[in-house]
Trainee: 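Please find one structure pasted underneath; my questions will follow.
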Amino acid sequence: MRRMEIWINPACSKCRSALSLLDAEGAHYTVRRYLDDPPDAAELERVLEQLGLEPWDITRLGERRARELGMADWPRTEADRGRWIDALAANPVLLQRPIITAEDRAVVGRTEEAVRGVLGAVPRS
């Protein structure tokens, strides 16, 4: 069974909370510091499919970079999806965090419930 991966920013309290919960549950996972090792567009496509979300759903529009790009005003249509994904790949700071992937599912682990929801897809110690 594939191990779980969690995309984190170590400075983020939600990321640290998710890691603490995973550790408390004995989950096997790898940590990816996505600011240092950003996902490319193809990987973002796969994760969005697992999440069942659109790129604008996982974009931190309050970030300075999003404001600089004017992303709050970008159209949210299928035709504009690639523009959003390219922006996320080029500016990983815009990604919601943490993102946890496991097998065929993924979650944005901002709540305890979301993190617990992905635990059934991974091995535990």
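What you see is a predicted model, and the numbers here were worked out from it, not measured in a lab.
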Trainee: Is V108 reachable from I6 through a run of hydrophobic residues whose side-chain heavy atoms are each under 4.5 Å from the next?
Mentor: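 Per the 4.5 Å side-chain linkage, I6 and V108 are not co-clustered.
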Trainee: Would you compute the distance between atom CD of Q50 and atom CD1 of I100 and round it to the nearest 0.5 angstrom?
Mentor: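 The distance works out to 12.0 Å.
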Trainee: Of the non-hydrogen atoms in G109 and V115, which two are nearest, and what is the gap between them?
Mentor: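 Of all heavy-atom pairs spanning G109 and V115, the closest is O-CG2, 3.7 Å.
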Trainee: Considering only heavy atoms from C-beta outward, does the side chain of R46 approach that of P39 to under 4.5 Å?
Mentor: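 Answer no - side chains too far apart.
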Trainee: Kindly work out whether a path of hydrophobic side-chain contacts (I/L/V/M/F/W/Y, heavy atoms less than 4.5 Å apart) joins I99 to L88.
Mentor: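 Yes, it is one cluster - the side chains of I99 and L88 are joined through contacts under 4.5 Å.
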Trainee: Are W84 and Y34 connected in a single hydrophobic cluster, I mean Ile/Leu/Val/Met/Phe/Trp/Tyr linked by side-chain heavy atoms less than 4.5 Å apart?
Mentor: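 Yes.
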Trainee: If you count the non-hydrogen atoms of other residues, nucleotides and ligands that lie under 6.0 Å from CZ in R16, is the total more than 12?
Mentor: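 Check passes, neighbour count above 12.
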Trainee: Judged by atom type as modelled, is there a donor-acceptor pair below 3.5 Å linking the side chain of E45 to the main-chain atoms of G82?
Mentor: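 Not confirmed, E45 side chain does not pair with G82 backbone.
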Trainee: Could you go through the side-chain contact (heavy atoms from CB on, under 4.5 Å) check for M71 and L94 one step at a time?
Mentor: CA-CA 10 Å; M71 293 179 81; L94 298 176; 3.5 Å; yes
Trainee: side-chain contact (heavy atoms from CB on, under 4.5 Å) between E103 and V118: does it pass, once the steps are laid out?
Mentor: CA-CA 9 Å; E103 293 306 307; V118 78; over 6 Å; no
Trainee: Can you tell me how far CG of L35 sits from CG of N9, rounded to the nearest 0.5 angstrom?
Mentor: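 Rounded to the nearest 0.5 Å, the CG-CG separation comes out at 5.0 Å.
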Trainee: Keeping to residues at least two apart or across chains, list the ring-ring contact (aromatic ring centres under 6.0 Å, His included) pairs with something in residues 96-116.
Mentor: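 Of all non-adjacent pairs touching residues 96-116, none passes ring-ring contact (aromatic ring centres under 6.0 Å, His included).
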Trainee: State the CG-CZ distance between L61 and R67, to the nearest 0.5 angstrom.
Mentor: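 Atom-to-atom, L61:CG and R67:CZ are 10.0 Å apart.
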Trainee: Looking at V93, is its backbone amide N or carbonyl O close enough to the side chain of N91 to form a donor-acceptor pair, meaning the two atoms are under 3.5 Å apart?
Mentor: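 No.
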Trainee: Could you please spell out the steps behind the side-chain contact (heavy atoms from CB on, under 4.5 Å) verdict for L119 and M4?
Mentor: CA-CA 9 Å; L119 284 171; M4 182 171 20; 4.1 Å; yes
Trainee: I'd like to know if R64 pairs up with E68 as an ion pair, taking the criterion as any Lys NZ or Arg NE/NH1/NH2 lying under 4.0 Å from an Asp or Glu carboxylate oxygen.
Mentor: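 Counted as a salt bridge, because a side-chain N and a carboxylate O are separated by less than 4.0 Å.
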Trainee: Verify the ring-centre separation between W74 and W56: is it less than 6.0 angstrom?
Mentor: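 No, the ring of W56 stays outside the 6.0 Å limit from the ring of W74, centre to centre.
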Trainee: Just verifying a value: how many Å separate L19 CG and I8 CD1, rounded to the nearest 0.5 Å?
Mentor: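 CD1 of I8 is found 5.0 Å from CG of L19.
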Trainee: Okay, side chain of R97, backbone of R110: is any donor-acceptor separation there less than 3.5 Å?
Mentor: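 Side chain of R97 to backbone of R110: no pair is present.
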Trainee: Which pair of non-hydrogen atoms, one from P38 and one from A89, has the smallest distance, and what is that distance?
Mentor: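 Answer, listing the atom of P38 first, then A89: CB-O, 4.4 Å.
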Trainee: List the steps and the verdict of side chain to side chain donor-acceptor pair (under 3.5 Å) for D80 and T77.
Mentor: CA-CA 5 Å; D80 294 287; T77 66; 2.6 Å; yes
Trainee: Passes side-chain contact (heavy atoms from CB on, under 4.5 Å), V47 versus W7? Steps please.
Mentor: CA-CA 11 Å; V47 168; W7 298 0; 3.7 Å; yes
Trainee: Please report the interatomic distance CZ(R32) to OG1(T101), rounded to the nearest 0.5 Å.
Mentor: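 The OG1 atom of T101 is 8.5 Å from CZ of R32, to the nearest 0.5 Å.
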Trainee: Are the side chain of D57 and the backbone of E54 linked by a donor-acceptor contact shorter than 3.5 Å?
Mentor: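 Yes.
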Trainee: Going through the checks in order, is the salt bridge (Lys or Arg N to Asp or Glu O under 4.0 Å) test met by K14 and E112?
Mentor: CA-CA 9 Å; K14 298 281 187 191; E112 181 176 330; over 6 Å; no
Trainee: Under 4.0 Å between a side-chain nitrogen and a carboxylate oxygen: does that hold for R60 and E63?
Mentor: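 The answer is yes: the pair qualifies as a salt bridge.
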Trainee: Looking at CG of L51 and CD of Q96, how far apart are the two atoms once the value is rounded to the nearest 0.5 Å?
Mentor: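 CD of Q96 is found 11.0 Å from CG of L51.
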Trainee: Compare all side-chain heavy atoms of E113 with those of R116 and state whether any distance is below 4.5 angstrom.
Mentor: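 No, too far: nothing below the 4.5 Å cut-off.
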Trainee: So if you build clusters from Ile, Leu, Val, Met, Phe, Trp, Tyr with side-chain heavy-atom gaps below 4.5 Å, do L21 and V31 land together?
Mentor: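 They do share one cluster, since a chain of ILVMFWY contacts under 4.5 Å joins L21 to V31.
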Trainee: Flag yes if more than 12 heavy atoms outside E43 fall under 6.0 Å of its CD atom; otherwise flag no.
Mentor: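 Result for CD/E43: enclosed.
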